[in-house]
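Below is one structure; the comments refer to it alone.
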Amino acid sequence: MADEVILLDLWASMFGMRTRIALAEKKVKYEYREEDLENKSSLLLEMNPVHKKIPVLIHNGKSVCESLIQVEYIDETWPGDNSLLPSDPYQRAHARFWGDFIDKKVNVTARRIWATKGEEQEASNELIEILKTLEAELGDKHYFGGETFGYVDIALIGFYSWFGVYDKFGNISIESECSKLIAWAKRCMQRESVAKALPETEKVTTFISQCLGLE
Amino acid sequence: MANKEKDVKLLGFWASPFSRRVEMALKLKGVSYEYLEQDIVDKSALLLELNPVFKKVPVLVHNGKILAESHLILEYIDQTWKSNPILPQDPYEKAMARFWAKFVDEQVGPVCFKSVVKAEKGIEIAIEEAQELITFLEKELTGKDFFGGKTIGFLDLVAGSMIPFCLARSWEGMEIDMIPEEKFPELNRWIRNLNDIEVVSECIPHREKQIEHMMKVVERIKLA
């Protein structure tokens, strides 16, 4: 029986980008469906009744929600010869720890830069600190996991397409503060899976500016 | 085998469901460990050194390897000590267990405790919103002895440390009947089943002590 894989997503979602990248890395064929978050499809509401959010991965009729859980699911379901997570339990836990850190810290802080009035300065300072912590974790490695592209890279790279938003509304320059991280992001962008999954930064910045009624 | 106990250390806090669930997992797997009780207000230099990012318990140290975040620790324990598996083998079942565990800690915990304490829209609405979330778990348990099926698993350890022995103590202290039998028969049956499991009942804090502790937390939240 052929696999039927559907992804309910939003083009600008840094979380959806993770799932797109993982599916592409594993060369899994899937149907991409763009959701209108103002008018959510009945499929989305049926498949994610708990959170009603994208991305939702539907594999042979069964839904998997939460992007990092989807990445692990993809890794385990289509093992292939390119694992996204290390097989050693400790290295695995280490990777998942940083994925968890990114989930807990990056978006919550970054959102405050553009979505909340009056917190831009504080939030952008906090974001720089968080990115510097990640930069320290990266160190001199090619990717977070070492030589191979994997889970932590996938967890973080989507945010790169939003750096323009944070720079503009936070009045910062992530490039000058975290040059090593930018170099890592550019390395990731050389991968076809990443280049295809991430929208152009300008497109995201324009979109957010329009959402805020500024363009 | 003589030094095995010193190979595994757990930094925990007696009233923390996150730390208790790790103890349950270690006991389930028959792993000996050295327990180091932590003061979570006046944090030790050791805790800050081992978990500089989040500065929280639990922290597991195994042969010098340091692990933080309870879900990750549980999965590490499961992959390292193979007896009595906690997570299912099937990737979909595993994804579901992880999803619900995240839901318990990130949604049920805060909404069923802090939001109820604060009751910003009034206590009735707070309870209604809490029960809405708990209903998802009620549905998950239908027809099962435990979330893990016939035996306890990952989600039982996560939800089992959080709901019956942490949240329920706070509801008791606040005199709220959050999960009445007639509304939540599956959940109540599951709690009774959990009470019969030695590794669970050995790892839950003393009832009155925990109620007292949770009420202190309630006061702190109200003053904040």
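Only a predicted model underlies this, so the values are computations on that prediction, with no experimental measurement involved. Just so we're on the same page: letters track the sequence lines, and every chain starts at 1. Values below: all heavy atoms of this structure, side chains included; hydrogens, waters and symmetry mates excluded.
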task = Evaluate the ring planes of B:Phe154 and B:His71, with Trp represented by its six-membered ring, and classify them as parallel (under 30°), tilted (30 to 60°) or perpendicular (over 60°).
result = perpendicular
task = Can you tell which part of B:Lys94 gets under 4.5 Å to a heavy atom of chain A, answering side chain, backbone, both or neither?
result = side chain
ask   = Using non-hydrogen atoms only, which part of B:Tyr92 is less than 4.5 Å away from chain A: side chain, backbone, both, or neither?
value = both
Where does [X] contact chain B at under 4.5 Å (heavy atoms): side chain, backbone, both or neither?
| X | result |
| --- | --- |
| A:Trp78 | neither |
| A:Ser63 | backbone |
| A:Arg92 | side chain |

inquiry  = If we define contacts as heavy-atom pairs under 4.5 Å, which of B:Glu132, B:Lys102, B:Lys65 has the most with chain A?
reply    = B:Lys65
query = What residue in B:Leu133, B:Ile66, B:Ile73 has the most heavy-atom pairs under 4.5 Å with chain A?
reply = B:Ile66
message = Before you tell me yes or no, could you show the steps for A:Arg18 and A:Asp103 under salt bridge (Lys or Arg N to Asp or Glu O under 4.0 Å), namely the whole-Å CA-CA distance, both residues' side-chain angles and the distance that decides it to 0.1 Å?
response = CA-CA 12 Å; A:Arg18 295 166 169 176; A:Asp103 260 2; 2.9 Å; yes
inquiry  = If we define contacts as heavy-atom pairs under 4.5 Å, which of A:Lys105, A:His51, A:Lys104 has the most with chain B?
reply    = A:His51
Can you list, pair by pair, the side-chain donor-acceptor contacts under 3.5 Å of residues 106-127 of chain B, counting residues two or more places apart and other chains?
from	atom 1	to	atom 2	distance (Å)
B:Ser115	OG	B:Pro110	O	3.4
B:Lys121	NZ	B:Glu129	OE2	3.1

query = Between B:Glu34 and B:Lys9, does at least one N-O distance fall below 4.0 Å, as a salt bridge requires?
reply = yes
request  = Compute the ring centroids of B:Trp190 and B:Phe147, then answer whether they are less than 6.0 Å apart.
outcome  = yes
query = Counting only heavy atoms not in B:Glu93, do more than 12 sit closer than 6.0 Å to its CD atom?
reply = yes
